[in-house]
Amino acid sequence: MSDNVNEEQMTERGTGATAMGAMSTTDEPIVHPRRDQSRKPMLEVTDLVKHFPIKEYTGVLPTKLNLRAVDGVSFDVAPGETLGLVGESGCGKTTTGRLVTRLLEPTSGSIRFEGKEIAHAKESELRPMRRDIQLIFQDPYQSLNPRQTVNTIVGTPLEIHNLVPKNKRKARVQELLELVGLNPEHVNRYPNEFSGGQRQRIGIARALAVEPRLIVADEPVSALDVSIQAQVMNLLEKLRKELNLAFIFVAHDLGVVRHFCDRVAVMYLGKIMEIGDREDIYEAPEHPYTQALLSAAPDLNVVRGATPPERIRLEGDVPSPIDPPSGCRFRTRCWKAQDICAEQEPVLESKPSSKPEHLIACHFAEKRSDLVVSTEDIPA
Amino acid sequence: ACSGGSEGGSSSSTTADPNAANNQDFTKVPASAGFEPDAKGPVTVQGAKSGGTLTWNVNAIPENTDPSTQYYQDVAGIHKLTTRTLTSYAMRGNKSVLVPDLATNLGEMSDDKLSWKFTLKKGIKYEDGTPIKASDIAYSVKRSFAQEEMPGGPTFQNEYFKDGDKYKGPWKSGENYAGVTADDAAGTITFNLSKPMQTLPYFAAFTMFSPVPKAKDTKTNYQLKWVATGPYKIESYSKGSKLTLVKNTNWDAKSDPSRTQYPDRIVFNFNRDNATTAKAIMADNGSDQTTASYDGVDASILQQVLGPKKNQVATGPSNCVTYVTMDTTTVPLEVRKAIATAWPYDQIRIAGGLTTFDYAPAKSYGAPQVPGFSFQETPGLTGTGKGDPAKAKQMLQQAGKSNFELSYYYASDDDTAKKVEAVRKPLLEAAGFKVKSIPVAQSELRKKRIETSHNVNLYQGTNGWCYDWPGGDSIYPPLFASSLPVNGGVGNIKNKALDKEMSDISQLPLEQQGPKWSAIDKRLRDTVLPALPYNYSKGSAIFGSKVNNVQIDPNQGFPDLALVWVG
Amino acid sequence: MSIPPGAEQTAVAEGEDIALEGPAPREGKSPTQIALERLRKDKIAIVCLVVITLFVLMAIFQTQITNIVGVNAQPDPLLIDPTTTLPPFTSNSDHPLGVEPQTGRDLFYMWVHGARPSLLVGIFAATMTLLIGITMGLLAGFLGGWVDRVISWWVDFLLSLPFLIMAFAIVPIAMARFGSPDASGFIEDDKRALIGMASLISILVIFGWPSLCRLIRGEVLSLREREFVQASRALGAPSRRVLFKEMLPNLLGPIIVNYTVMIPAFISIEAGLSFLGIGLQPPTISWGQTIASAQSSFETYPIYMWVPTISIALLVLALSLFGDAVSDAFNPQTRR
Amino acid sequence: MLIYLSRRVLLGVSVVLAAIVATFILFFVGPSDPTTALCGRQCTPERAAQIEKNLGLDKPKTEQFTRYVKGLVVGTKESDGGGARDCEAPCLGWSYVQNRSVTDIVKEAFPVTVSVVAGGMVVYSILGISLGVLCARKRGKWVDKLIVGSSQFISAIPYYILAVIFFLYGMKYTGLVPEATWTPLTESPWAWFIGLLGVWLFYGAITSTGYIRYIRASMIDTQAQDYVRTARSKGISEFDVTFKHALRAAIAPFVTLLGLGVAAELTGAIFTERVFGLPGMGTRTILAYTQGDLPVIAGIVIVSSVLLVVANIIVDLLYGVVDPRVKLS
Amino acid sequence: MTETNTTETAGVPADEGHLGQRGERILTVKDLTVQFPTADGLVNAVNGLSYSLDMGKTLAIVGESGSGKSVSSMAVMGLHDPQRTRISGSIELDGTELVGASPSLLRRMRSSTASMIFQDPQSSFHPFKKIGPQIAEAYLAHHKVSKQVAMNRSVEMLDRVGIPNPGRRAKQYPHEFSGGMRQRAMIALGLVNDPKLLIADEPTTALDVTVQAQILDLLGDLQKEFGSAIVLITHDLAVVAEVADDVMVMYGGRAVEHGTAHEVLANPRHPYTWGLLGSVPKLSSQGGNLRTIRGLPPSLINLPTGCSFHPRCDFRDRVGEACVTTLPELAVREGDTTRTSRCHLQNPAEIFETEVAATLE
Ligand SMILES: Nc1ncnc2c1ncn2[C@@H]1O[C@H](COP(=O)(O)OP(=O)(O)OP(=O)(O)O)[C@@H](O)[C@H]1O
Ligand SMILES: Nc1ncnc2c1ncn2[C@@H]1O[C@H](COP(=O)(O)OP(=O)(O)OP(=O)(O)O)[C@@H](O)[C@H]1O
Ligand SMILES: [Mg+2]
Ligand SMILES: [Mg+2]
C-alpha cells in the first residue's frame with residue numbers, strides 16, 4: 001500500500017483539516033513494509049560524511065584537524081519504515097540525524113529525499129522538505145522553548161508553513177494535543193508545568209503539526225522513566241501505524257530499538273558496522289561489535305531462570321574520532337582482529353551466511369547464537 | 001599679577017588679630033607700608049615654639065614651581081620658605097614692608113635710571129652648604145627669559161631689561177646677556193634696563209631673583225627639586241599632590257629679616273577638597289589641630305568661624321580687586337551708568353557665597369593699601385546695595401536704550417558660577433536689560449574672556465587684577481593702557497593721552513606716584529566707567545587650634561608662611 | 001495526509017493519557033495576565049511600583065504641582081543670611097522644603113523639576129542602550145562570522161575606553177559641534193538643555209551598549225545550541241523568527257534585569273557627572289546637580305542634599321527591586 | 001595557549017591603536033585651543049602664535065597625528081622642529097599647563113590609581129565573597145535579608161555622597177580609620193598601606209555591595225551541585241565543602257565580573273581619588289579638564305585603554321586557570 | 001587488540017569476602033521518614049521505610065522517579081541539610097545510630113563506613129579540580145597521612161578500578177576523562193576508605209551498554225574482594241536481575257515490595273511492580289504495545305489516602321474501599337516465607353499468574 005499512500009499523500013498535502021476526515025475511516029490493518037527488492041525508498045543516504053573542523057593548539061601553530069563524526073554512511077528508509085540507529089555514545093548517531101534533517105550540512109555525500117538531492121540545498125530550497133522530515137529530541141525539556149506556551153510551541157509550525165488559517169490555529173493545536181494524549185485545555189501552559197512524558201508528547205505534537213512523512217527521533221525516550229517511556233513508545237507506535245510515518249529512531253537502549261524498529265543499523269565511530277532487519281541483527285548478528293553490544297545488554301529474563309548470555313567484555317575506550325584507527329575501526333577492541341583489519345577497511349556488504357539485505361562490515365563476520373538469551377528453557 | 005575675576009570663592013590670608021580685618025573697610029585703613037631698607041634678622045615671634053609638623057591642606061595645585069618662572073601667590077608663598085630673593089616682604093603688624101633679603105639693601109639705581117645694582121650679604125649658603133654666588137642669581141634671571149621652554153612666568157624683564165625682547169634665555173641665546181651682569185668677587189649683581197623702572201626693588205622680590213646653581217639646573221625638571229636657601233628645604237615633592245619641607249640647617253636666621261624656622265616639618269597636600277578640609281580643620285581632631293588651609297573660608301564652616309571657632313581663622317586684605325568690566329566701545333556710557341545703578345551687588349555676592357572673609361566692597365580700581373593711595377569715592381559706585389532696577393530702567397529709557405542687550409560668558413561647570421547666573425540674569429532683566437548669557441566650560445572661559453573679537457560686552461577682559469607689587473605702575477597700565485592689552489584689559493579703552501600720562505607717572509620717583517595714580521583712578525570712574533569696581537578681595541586662612549601666628553600678607557593676599565608655628 | 005480525528009478518541013480510550021488527570025486546567029489566561037497576577041500579589045513589587053509611579057507623575061505634572069503648591073523658580077538671595085550664606089529657616093509655609101543656600105531658590109520647586117531630567121536620562125539612555133545592545137548582541141551571536149568579529153571588536157574597543165574620562169572630552173565637543181552657536185558661542189537655553197541631555201544620553205549609550213551586547217551575545221551563543229532552537233530550525237523557521245520569537249523571549253530575564261539596573265545606574269551616573277561638573281547643562285535643573293552643589297553643606301543645611309539624595313536612592317531601589325519582581329513574574333520557571 | 005595569547009595581544013593592540021586614533025580625533029581635532037593655557041597670564045597674540053608654532057599646532061592634523069604616534073614610539077626631540085620639548089618614548093605629549101611631559105605626569109598618577117583599585121579589589125573580593133557565602137549559607141534567614149537589603153540600599157545612594165560622609169565621619173571627625181594619604185610604595189610600604197587603608201576599606205565595602213548578590217546567587221547555585229554533595233560525602237569538614245568546593249566553582253563567574261568591573265572601577269576611581277584627595281589619574285583628569293590641559297586627558301585615556309586591555313587579557317587567562325575546562329583557543 | 005572474551009556470570013558474587021564478617025548486619029533502617037518543608041507544603045519524600053542489609057549482599061532499590069530512592073539513601077549518608085530536612089526513625093549503620101547524630105560523627109562515618117557513588121559522574125566530580133586530589137581528599141579526611149601518601153593511595157585506587165596509566169590520569173581533570181572512566185574514578189573515590197557499605201545511586205544510567213557492563217562487572221569484582229554491602233539504586237530492572245541479591249520496590253516514599261531478586265522480578269506481588277515490569281521493552285520481545293501504568297506519580301505533599309498507588313491501580317476494584325482508606329502493611333503475605341509486600345489484594349500470586357504474567361512475556 002505504501003506507494004498508493006504516497007500518491008495520495010502528495011495530492012492531499014496542505015489541505016489541512018478537511019482532509020482529516022478521509023483518513024479517519026481508513027481502518028485497514030497497517031502492513032509494515034519489509035525490505036524487499038520492490039521497495040522504493042523515500043530517503044536515500046549515500047556515503048554521507050560529516051567532518052567537524054577542529055583546531056588544536058599543541059605546539060605554537062594550530063593544527064587543523066577533522067573530527068570525523070560521520071564518515072561515509074549509507075542507508076535508506078522506505079515510507080512507513082522504521083530504521084533504528086544504535087551504537088556507543090559519540091559514534092555519530094545524533095550527527096547523522098541532524099544531517100538528514102539538514103540542521104547540519106554534510107561535508108560530502110548525498111541525501112536524497114523522494115529523489116530530490118538535499119545534501120547541499122539552500123535554506124529556502126529546504127523549506128518544503130522541512131514539512132516532510134521532522135525531528136524529535138532526546139531531552140523533552142531542552143527541546144521546548146521554556147518561554148513559550150504550548151499553544152505557541154505547537155502553533156509555530158502551523159504559522160511558519162501557513163497550514164491553517166490564523167483563526168483556526170488554536171483549534172488545530174488542541175486537536176494535535178489530543179492526538180498525542182494531552183489535555184487540549186492546557187494550551188496556555190508552559191513546558192515546565194508538564195511532566196517529562198507530557199513534555200515529550202508536546203515535542204511530538206509539534207513534529208506532527210507539519211504532517212511529516214519521516215521523523216528522526218533522537219533518543220526520544222532515554223531521558224524518561226521506564227513507565228513513562230512505555231507511554232511514549234506506545235504513542236509513537238500508534239502514530240506510526242495510524243499515520244504511516246517513517247522513522248529514523250536513534251537510541252542506545254537495545255530493547256527499545258528492538259521493540260520499535262523494522263531495521264537496525266549499528267554504528268561505531270562514524271561508520272555503519274552492520275545493518276539489517278531487526279531479526280537479523282538481534283538474532284543473527286555477525287559483526288563482533290554488534291555481538292559485543294548485544295551481549296552487554298542485561299536481560300530481565302535472567303531472573304526467570306534464563307541462561308545468562310555469555311558476556312563479551314570490551315576493553316578500553318572508543319578511539320578518538322579525530323584520529324580513527326586505520327582499516328577496520330573496531331579492530332583496536334576486537335578479539336578477532338588480525339593484520340588485515342588494520343590494512344584494509346572492510347566493506348559493508350552482505351555475507352554468504354547472511355540474508356542479502358543484511359549487510360556487515362567485517363573481515364571475519366560470523367554468526368554466534370550463544371549471545372542471545374534463550375527463552376526456551378524458561379519454566380512457565 | 002593674576003587676573004582673577006572669579007565670581008565667588010576667594011583666594012587667600014593676615015594678622016595675628018583675626019578680627020581686625022573682618023568687615024574692615026580698607027579704604028579707611030591702608031594696610032600697607034613701603035620700604036624698610038635697613039631691616040635686619042633674625043625675626044622672632046613671641047611665644048613661638050620650635051618643632052612639630054605643620055600641614056597645609058589646600059585645593060590649589062601649584063602648576064609650576066620653578067623659581068625662575070614663578071608668578072603665583074601660592075607658589076610664591078611656598079617659595080618664601082625655601083627660596084631667598086634679593087628683596088622680600090616682611091610683616092610688620094598688619095602691614096607688609098619690603099626688606100633687603102639676600103641683598104644688603106633695596107638696590108641702588110644709577111643716575112641715568114637705567115641700571116640697578118644689588119650687593120649680596122656675605123656667607124649665605126645653599127642647603128648643601130656651598131655659598132651662593134651673584135652669578136647664580138644672574139643665571140636664574142636669565143633662565144626667566146627662556147619662556148619658550150618654560151612659559152608662564154612674569155614678563156616684566158622682557159619689557160624693562162636691556163634687549164629683553166630679544167634675549168631667549170641661556171639655552172637658546174647663551175649666557176652672555178647684557179641685561180644682567182654679576183661680579184662674584186664683589187658679590188654684586190647689576191640689571192641694565194632699556195627704560196627706567198622705579199619699582200624694580202619690588203620686582204626683585206620675585207623668586208626669579210633667587211640663586212639657581214647652574215650645576216644643579218635640570219631645566220624643566222628643576223621645578224621638582226629646587227635648591228633651597230631659605231629656612232626649609234625639600235624633603236620630597238610629588239607634583240600635584242604633596243610637598244614635604246624640612247628644616248634647612250644651612251640657613252642663617254641672623255641674615256634673614258623676614259623668615260622664621262619653627263616647625264620641624266611643613267607638609268603641603270594639594271588638590272584637597274575645600275569643604276572637607278575646612279570641616280576637618282574645624283573638627284580639630286588629631287593631626288588636623290596642626291593643619292591649616294589658605295583656601296579661604298568655605299561656606300559650610302561659616303557658622304563656626306563666625307562663632308565658636310573664630311580664633312581659627314585669619315583674614316586680611318589682598319592685592320586683588322575684582323571688577324565687572326563693560327566694553328566701552330559697544331556699551332554707551334549712559335547704559336554703563338544704568339548698569340551701575342541696576343547692579344545687584346548684594347544678591348550676586350550672596351549667590352556667589354561671598355562673605356566678609358572674601359571681600360570688602362570695592363570703590364576703586366586700585367587696591368587701597370598701595371602706598372600713597374588717597375581715596376575719593378565716586379557717587380553711585382559704593383560696591384554695595386541691591387541695585388535700583390526701576391531707576392535703571394528709566395535711565396535706559398531716557399537714553400533710548402531700552403532692552404539693551406548685555407551679553408557675557410559664565411562657567412557652566414562651576415557650581416558657584418551657575419548659582420550666580422541663576423540670580424544675576426533675572427535681576428538684570430528686571431532692570432530692563434535683555435540678557436544673553438553664554439555658559440562655557442571653565443577651561444574655555446579664560447580664553448573666551450580675553451578674545452579680542454568683542455562678541456560680548458560684559459565681563460570681557462580683565463575682571464580682576466592683583467598687583468605684582470604695591471605700585472600704581474603694576475595696576476593702571478596693565479588694565480587701561482591701549483598699547484598693552486594684557487588679557488584684554490578693562491573696558492577695551494583706547495586712549496593715547498591716557499597711555500602717555502600713565503607712562504609718565506611711571507617714571508616719577510615712587511613717593512610722587514601715589515596721588516597721581518589715585519587721580520587717574522577717580523577720573524576713570526567718574527568719566528569713563530569701563531568697569532564697576534566690585535570687590536577688594538581678601539585673603540583668608542583657617543587653621544587648627546595648634547597653629548599659631550597666621551598672618552595675611554596684604555601684598556600677597558596670602559598668609560606669610562614663614563611666620564607660622566605649631567604647638 | 002492528515003491526522004484522523006478518530007485518533008484522539010483512541011488515545012483517551014486507551015486509558016494511557018496522563019495529562020487529563022493533571023492539575024485543573026487554567027484555560028483563558030494569557031501568559032501576560034498570569035505574570036501580572038503574580039506581580040499584583042508581590043507586595044514589594046507593588047510598593048516599588050507606587051514609588052516609581054509617584055516619581056513619574058511628579059515628572060510629568062511638574063508645572064501643575066509647583067503651581068498648586070505655589071512655588072516658582074525665581075531666586076531670591078535676599079532670603080539668605082549673608083553672613084552664613086544659608087537660609088535662616090529650614091521650611092516655612094512659602095517654601096515647604098526650604099530654599100537653596102546662596103540663591104534662595106525654592107527647593108521644592110527644584111526637587112519637583114529635577115525629577116524629569118533624571119528620569120528622562122535614565123529611561124532614554126537605558127532604552128537606547130537596550131535596543132542597540134540587544135540588536136548587536138543578537139546579530140553577533142546569531143550570525144557569527146565576520147559580523148560577530150566586527151561587532152566584538154567594537155565592543156572590545158569601546159570597553160577599553162575609560163568611560164568617565166571620555167565623558168570629559170565628549171560633552172564640551174558635542175556642545176560646540178551640535179549647538180551651532182553664534183559667533184559668541186550663544187545657544188538658546190532650550191536647545192542647549194536639549195543638546196546637553198542628548199550628548200549625555202549618547203555617551204551613556206555609546207559606553208553602555210557594549211557590555212549588554214557582550215552579555216546577549218554570550219546568551220545567544222548558548223541558546224543557539226539549545227535543542228528548541230534546533231527544533232524551530234528543523235521546522236523551517238526563518239532566521240528572523242528564530243531570533244525574535246525563539247531566542248528573544250529567553251533573553252527577557254537578563255534584559256529586564258539589565259534594564260532595571262541600567263535606569264537607576266544612569267540616574268546615578270548623571271548625579272556623579274554633575275559632581276564632576278560635566279552633568280546636564282544649565283539651565284536644566286536635575287537632582288544630580290542639586291546633590292552635587294549641596295554636598296558641601298549637608299551638615300549645615302541638610303535638607304538641601306538629603307531630599308534629592310533620598311529621592312534618587314528610593315527611585316533606584318524601587319526600580320531595581322521592581323525589575324527583580326518583573327523578571328521573576330515573567331519567568332515561567334519560578335512559577336508555582 | 002601561546003597562540004591564544006598572541007592573538008589576544010594582537011587584538012588588544014588593534015584596540016589600543018584605535019583608542020589612540022579616537023583620542024587624537026576627539027582631543028586634537030576637536031575645538032580646543034591649548035595656546036591660551038600655555039600662554040600664561042600675560043598673553044599676547046604673537047606669543048600665542050609662537051607657542052602654537054612650537055607645539056606644531058599650525059601643521060596639518062595628519063602631520064600632527066604622525067608626530068603624536070612617533071612620539072609614542074620613539075619620542076620627540078626639540079630638533080625635530082615640531083616638538084616643543086624633549087620627550088622620551090613613549091611620549092604621550094606635553095602638558096600645556098604643567099610644562100612637563102605627560103608621560104611623567106601619568107607615571108606619577110598611575111601607581112596611585114592602580115594602588116587604589118587593586119587594594120579596593122582585594123577588599124571587595126574578600127568582603128563580597130565572604131558575605132556572599134554567608135548569605136548563601138543562611139539564605140532566607142535574617143542575616144541574609146539584612147546583608148542583601150542593606151547592600152541594595154547602600155548601592156542606591158550616590159557613591160560620592162557616601163564617600164564624603166565616610167571621609168568626614170570615618171576619617172576626620174572620629175579618626176576611626178587612618179587618613180587617606182599617598183606615599184609611594186617604594187618610599188615606605190607601611191605609610192603606603194596605612195595611607196590607603198581607609199580608602200580601600202570604604203571603596204571596597206561600597207563596591208562589594210554589587211558583588212555580594214552575585215556571589216550569593218552563584219553560591220546558591222553551586223551549593224546544589226552534585227559535586228558539592230560528592231565532596232560532603234567524602235567526610236570532609238563543612239568549611240572545606242563550602243570554601244574548597246562550592247566557592248571554588250562560584251568564583252569562576254566572579255572572575256569574569258571582575259574583568260568587566262575593572263573597567264568601570266578604573267574610571268570610577270575618579271570619585272574616590274577626588275573625595276579622598278589622592279593624586280591619581282582620576283584627579284589628574286578632572287584637573288586637566290578644568291585647566292583645558294588636553295594632552296594630559298588624552299594621555300590618560302590612552303594609558304587607561306592599555307590598562308583595560310591588559311586587565312582583560314589577564315582576566316581571560318585567569319579564567320582559564322580558574323576553570324580548567326576553558327581551552328584558550 | 002586484546003582478546004577479551006572473558007565470560008562469567010555477573011551476578012551474586014561467590015562467598016569469599018575477607019573484609020568484614022560475611023552476613024554481619026551493616027545497615028538497619030527503621031521507620032525512616034524524611035520530609036522537606038517547602039513553600040508549597042511539606043514534601044513527604046520517604047514515609048516509614050524499613051529495611052536492612054548484610055555484609056556481602058547487594059540490595060537493589062527500584063521504583064519510579066521521585067519515589068524516594070535517592071532521598072532515603074542520602075539519609076543514610078547523612079547528606080541532607082539538617083536545616084531544611086526533617087528526619088525521623090532510625091538508621092543504624094555498623095552499630096551506630098545516625099538519626100540525630102552529631103555532624104562530626106556523620107562526617108566520620110561518611111566515606112569510611114559508608115560511601116556513595118552518584119548517578120552522573122560528569123557532574124559529581126568537581127569540574128575545576130584534578131581527579132587524583134579529589135580522591136585523595138577523601139582519604140585524607142579519614143587518615144592522618146601526608147598529601148603524598150594520599151595521592152599514592154588515590155593512584156592505587158584508580159589502578160584498582162582498571163584505569164590505565166593511573167599516575168598520569170590522576171593529574172587530569174574530570175572533563176578529560178571519558179564517561180566510563182569517570183564512573184570508574186567515582187567508584188575509586190567510593191572505595192578509597194574501604195567502606196563497609198557502598199551506595200550506588202544509578203551508577204550506570206548515564207552510560208551506554210558496553211560501559212555499563214564493564215562497571216557492573218567491576219562492582220561485582222570489588223564486592224567479591226572486599227565483601228562489602230552494596231545498595232544499588234536503579235531504574236533498570238534488567239540490571240537488577242543480573243546483579244542484585246535482594247530487591248526493594250519503592251512507591252511514593254514507601255517500600256511496596258521487598259524480597260530476593262528472583263522472587264520480586266519473577267513473581268511480583270504488587271500491582272505497581274507488575275506495571276513496572278510491563279513497561280520494560282524486552283530484548284527478546286518486539287512490536288506491539290507496552291503495558292503502562294496510567295496516571296501520574298503521586299504528589300508527595302498530598303499523598304493519596306490509603307494505598308498511595310490506588311489512583312493508578314488497575315486492580316483496585318477487586319478490593320474496594322480499603323485501598324482508599326487503609327494503608328496496607330508491608331508484610332509477609334500468605335504463601336510467602338520471607339518476602340514482604342504492601343497490598344490489600346487477597347491473592348496477588350494468583351492474579352499475577354493468570355492475568356499479568358502473560359502480558360510480560
Ligand atoms: N558541533 C560539533 N563540533 C565538533 N564536534 C562535534 C559536534 N557535534 C558532534 N561532534 C562530535 O562528533 C562525534 C559524534 O557525535 P554525536 O553527537 O553524533 O554522537 P552520538 O552518537 O549521538 O552520541 P550520544 O549517544 O552521546 O548522543 C562526537 O565525537 C562529538 O564529540
Ligand atoms: N531538598 C528537597 N526539598 C524538597 N523536595 C525534595 C528535596 N529532595 C528531594 N525532594 C523530593 O523528594 C522526592 C523523592 O526524591 P528522590 O530523589 O529520592 O527520588 P528518586 O526515587 O531518587 O528519583 P530518581 O529516580 O528520579 O532519582 C522527589 O519528589 C523530590 O522532588
Ligand atoms: Mg546523541
Ligand atoms: Mg534519585
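The chains referred to below are lettered A, B, ... by the order of the sequence lines, with proteins before strands, and numbering in each begins at 1. Only heavy atoms go into these numbers, but all of them, side chains included; no hydrogens, no water, no symmetry mates.
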Quiz prompt | Closest approach of E:Ser111 to D:Gly235 (non-hydrogen atoms, all atoms of both residues) | solution = CB-N, 4.5 Å
As an exercise, state the distance from [atom1] of [X] to [atom2] of [Y], rounded to the nearest 0.5 Å.
X	Y	atom1	atom2	result
D:Thr230	E:Met186	OG1	CE	4.0 Å
E:Asp201	D:Ser233	CG	OG	11.5 Å
E:Phe125	D:Asp226	CZ	CG	12.0 Å
E:Ser115	D:Lys234	OG	NZ	12.0 Å
D:Ile236	E:Arg107	CD1	CZ	9.5 Å
D:Arg232	E:Met74	CZ	CE	9.0 Å

Self-check item: Under 4.5 Å from any heavy atom of chain E - which part of D:Thr222
Solution: neither
Does any backbone or side-chain atom of [X] lie under 4.5 Å from a heavy atom of chain D? Answer side chain, backbone, both or neither.
X	value
E:Gln83	side chain
E:Tyr173	side chain
E:Ile117	neither
E:His142	side chain

Quiz prompt | Residue D:Lys141 excluded, over 12 heavy atoms near NZ under 6.0 Å | solution =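 Enclosed: over 12 neighbouring heavy atoms sit under 6.0 Å from NZ of D:Lys141.
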Quiz item: More than 12 non-hydrogen atoms from neighbouring residues, nucleotides or ligands closer than 6.0 Å to NZ on E:Lys129, yes or no?
Solution: yes
Quiz prompt | D:His245 and E:His126 aromatic ring geometry - parallel, tilted or perpendicular at 30°/60° bounds | solution = perpendicular
Quiz prompt | chain D contacts, top residue of E:Ala114, E:Ser124, E:Pro174, E:Ala141 (heavy-atom pairs, under 4.5 Å) | solution = E:Ser124
